[in-house]
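Right, one structure below, let's go through it.
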Amino acid sequence: MKTQNRWGKSKKTWGMALFLLGLTGSLMAEGPTVSGYVDTQYGYNFSKPNTGTTALRSYDSQDNTLANTVHLSFAGTFGEGIGYVVDLDAGHDANTTVGSIPASGVALQEGYLTYMAPCKLGFKVGKFATYEGIEVIETNANPTISRGYLYGLAEPYTHVGGVATFVLGKLDFAAGLVNGWDQANDNNQGKTVIGKIGLSLGDPLMATLSGTHGPEQNQVTSGGVITDSRSGANRDSIDLTVLTKIIPMVDLYLQANAGTEAQVVDNDGDTINDDRASWSGAGVQPIIHFGDKFSIGARLEYFSDPEGARTGTRNISTTNITITPGYKITDNVLVRAEYRQDSSNKKIWVDDKGMLEDSVSTGALQFLVTF
């Protein structure tokens, strides 16, 4: 009897499992589609810094090194209106994007679900890239090999949370709550509000006005007890990014960005929540296409950080001029070279003797295969 009862329960269990499996199979009628790239690049600082690093850089801060990154993207649908995206990185870029490479060697760049109702109201929940800026995590989508100051200093990379979206003709809107800037687990007791307004007129003009508001500083603990949640030390960021293709064979990107944040400590080490630090910058990044094979990407960018909140150096202003010619060997194989000149009103870069300089020149080579 016990055996028969167990078998009866097992039949019910297996029946439910088969039903769910069939339901899942019917929902997953489309996808996943798989895409990605393999990126190998070499970066060199002509000052040969004895520190081995170049200040104010994000992905290419290490001098005289070969870097390799593999990116995989999986996308599909679970029935009408429901979709998913999972982006994975392994190698060099994963370390910068998530802070440290996990023991597996693979980092989750993005992983989220989407839902779009027939009324154009949608939702996105999970980990997803910021709305701010020209440049993105995926190197194959950027005009140049290196990233600029705004990408590395003035914008978040990713968020964890959820947003609601709405499309109204040529306008699209998004607003939601997230843990903050690049925080898988929140570092304080507050949440960050993010939002955007997008305008799409096709090739003449595409523009996005986006921003964030919320606390981003680490909460203070003593003996395992939170003594300062930093929930009132808000950081505000606003970004305007524009793309126009009105000039034949030219993709012209424009960006302006500004931010403020409550300062943690003053020069004497005292907490000062009432004063705020600010920063701002602007950039232009064209891509000039000479047929289907050859192109030249470029960047002219300026960044100012009076209180040193983003750079660690007070009253600093910096510029960089970058030029990146590229050639497509095939539709899936791209080779690019880069020369970049950075300059500042402060001596922040190091040479081979450890002396500080107010300018630096770097070069890079990239071999990129997409699939």
Do Ile194 and His159 have side-chain heavy atoms sitting under 4.5 Å apart? yes
Please walk me through it: do Lys120 and Asp172 pass salt bridge (Lys or Arg N to Asp or Glu O under 4.0 Å)? CA-CA 9 Å; Lys120 303 299 184 181; Asp172 67 278; over 6 Å; no
Tell me if the CE atom of Met355 is crowded by more than 12 foreign heavy atoms within 6.0 Å. no
For the pair Asn142 and Glu135, evaluate side chain to side chain donor-acceptor pair (under 3.5 Å) and give the outcome as yes or no after the intermediate values. CA-CA 6 Å; Asn142 289 325; Glu135 296 167 334; 5.9 Å; no
I'd like to know if the side chain of Thr324 pairs up with that of Arg336 as donor and acceptor (distance under 3.5 Å, no hydrogens or angles considered). no
With side chain to side chain donor-acceptor pair (under 3.5 Å) as the test, would you mind laying out the steps for Asn45 and Thr54 before giving the verdict? CA-CA 7 Å; Asn45 184 326; Thr54 305; 2.9 Å; yes
Can you tell me if Glu216 and Thr192 form a side-chain donor-acceptor pair at under 3.5 Å? yes
Quick one: do the Glu132 and Ser237 side chains pair a donor with an acceptor below 3.5 Å? yes
Ala277 backbone acceptor or donor facing Thr260 side chain under 3.5 Å: no
Tyr42 vs Tyr44 aromatic rings, parallel, tilted or perpendicular, using cut-offs 30° and 60°? parallel
Around Lys293, counting heavy atoms of other residues, nucleotides and ligands shown, do more than 12 lie under 6.0 Å from its NZ? yes
Using side-chain heavy atoms (C-beta onward) and a distance below 4.5 Å, is Val160 in contact with Val178? no
Whether the side chain of Lys127 engages the backbone of Leu108 through a donor-acceptor N/O pair (distance < 3.5 Å, no angle test) should be reported. yes
Quick one: do Leu171 and Val242 end up in the same hydrophobic cluster if we chain Ile, Leu, Val, Met, Phe, Trp and Tyr together by side-chain heavy atoms under 4.5 Å apart? yes
Is any side-chain heavy atom of Met116 closer than 4.5 Å to a side-chain heavy atom of Thr165? yes
Would you please say whether a donor-acceptor pair under 3.5 Å links the side chains of Arg147 and Ser58? no
Any side-chain heavy atom of Leu243 sitting closer than 4.5 Å to one from Asp251? yes
Taking Asn345 for the side chain and Ser317 for the main chain, is one N or O donor matched with an acceptor at less than 3.5 Å? yes
Evaluate whether atom NZ of Lys191 has more than 12 neighbouring non-hydrogen atoms of other residues, nucleotides or ligands under 6.0 angstrom away. yes
Any chance you could lay out the side chain to side chain donor-acceptor pair (under 3.5 Å) test for Arg340 and Ser146, step after step, and finish with the verdict? CA-CA 9 Å; Arg340 173 169 169 170; Ser146 65; 3.0 Å; yes
Modelled atom types, side-chain donor and acceptor of Asp39 and Gln41, under 3.5 Å: yes
pair Phe294-Pro325: side-chain heavy atoms closer than 4.5 Å: yes
Which is it for Tyr151 and Tyr157 under the ring pair (Phe, Tyr, Trp, His ring centres under 6.0 Å) test, yes or no, and what are the steps along the way? CA-CA 8 Å; Tyr151 177 87; Tyr157 297 151; 5.1 Å; yes
Derivation of the side chain to side chain donor-acceptor pair (under 3.5 Å) call for Glu357 and Ser47: CA-CA 9 Å; Glu357 301 178 323; Ser47 294; 3.0 Å; yes
How long is the gap from CG on Leu88 to OG on Ser73, to the nearest 0.5 Å? 8.5 Å
Can you tell if the side chain of Thr144 reaches within under 4.5 Å of the side chain of Glu338, non-hydrogen atoms only? yes
Given salt bridge (Lys or Arg N to Asp or Glu O under 4.0 Å), test Asp239 with Lys196 step by step and report yes or no. CA-CA 9 Å; Asp239 183 272; Lys196 76 153 186 172; over 6 Å; no
Counting distance only, does the side-chain N/O of Glu301 pair as donor-acceptor with the main-chain N or O of Leu150 below 3.5 Å? yes
Membership question, hydrophobic clusters at under 4.5 Å side-chain separation (ILVMFWY): are Val167 and Leu121 in the same one? no
Where does the angle between the aromatic ring planes of Tyr115 and Phe123 fall among parallel (under 30°), tilted (30 to 60°) and perpendicular (over 60°)? parallel
Identify the two heavy atoms, one from Leu365 and one from Ile145, that lie closest to each other, and give their separation to 0.1 Å. C-CD1, 4.3 Å
Can a donor-acceptor pair be found between the side chains of Asp342 and Tyr149 at a distance below 3.5 Å? yes
Just checking Asp331: does its CG atom have more than 12 heavy atoms from other residues, nucleotides or ligands closer to it than 6.0 angstrom? no
With no hydrogens and no angle check, just 3.5 Å: does a side-chain donor-acceptor pair link Asn320 and Thr322? yes
Distance check, rounded to the nearest 0.5 Å: Ile238 atom CD1 versus Ser210 atom OG? 8.0 Å
Return the minimal non-hydrogen interatomic distance between Arg276 and Ala262, and the atom names on each side. NH1-N, 3.5 Å
If we ignore angles and hydrogens, is there a donor and acceptor under 3.5 Å between the side chains of Gln341 and Ser361? yes
Contact check, side chains of Ile329 and Val335, non-hydrogen atoms, under 4.5 Å: yes
Gap separating the CD1 atom of Ile316 from the OG1 atom of Thr311, nearest 0.5 angstrom: 4.5 Å
For Asn68 and His92, does a side-chain donor sit closer than 3.5 Å to a side-chain acceptor? no
Got a donor-acceptor contact below 3.5 angstrom from the Asn64 side chain to the Gly52 backbone? no
Classify the angle between the aromatic ring planes of Tyr37 and His71 as parallel (below 30°), tilted (30 to 60°) or perpendicular (above 60°). parallel
Derivation of the side chain to side chain contact (heavy atoms under 4.5 Å, CB included) call for Tyr253 and Ile287: CA-CA 8 Å; Tyr253 294 88; Ile287 306 176; 4.1 Å; yes
Any non-hydrogen side-chain atom of Val333 less than 4.5 Å from a side-chain atom of Lys328? no
Do we see a donor-acceptor contact under 3.5 Å between the side chains of Trp349 and Ser359? no
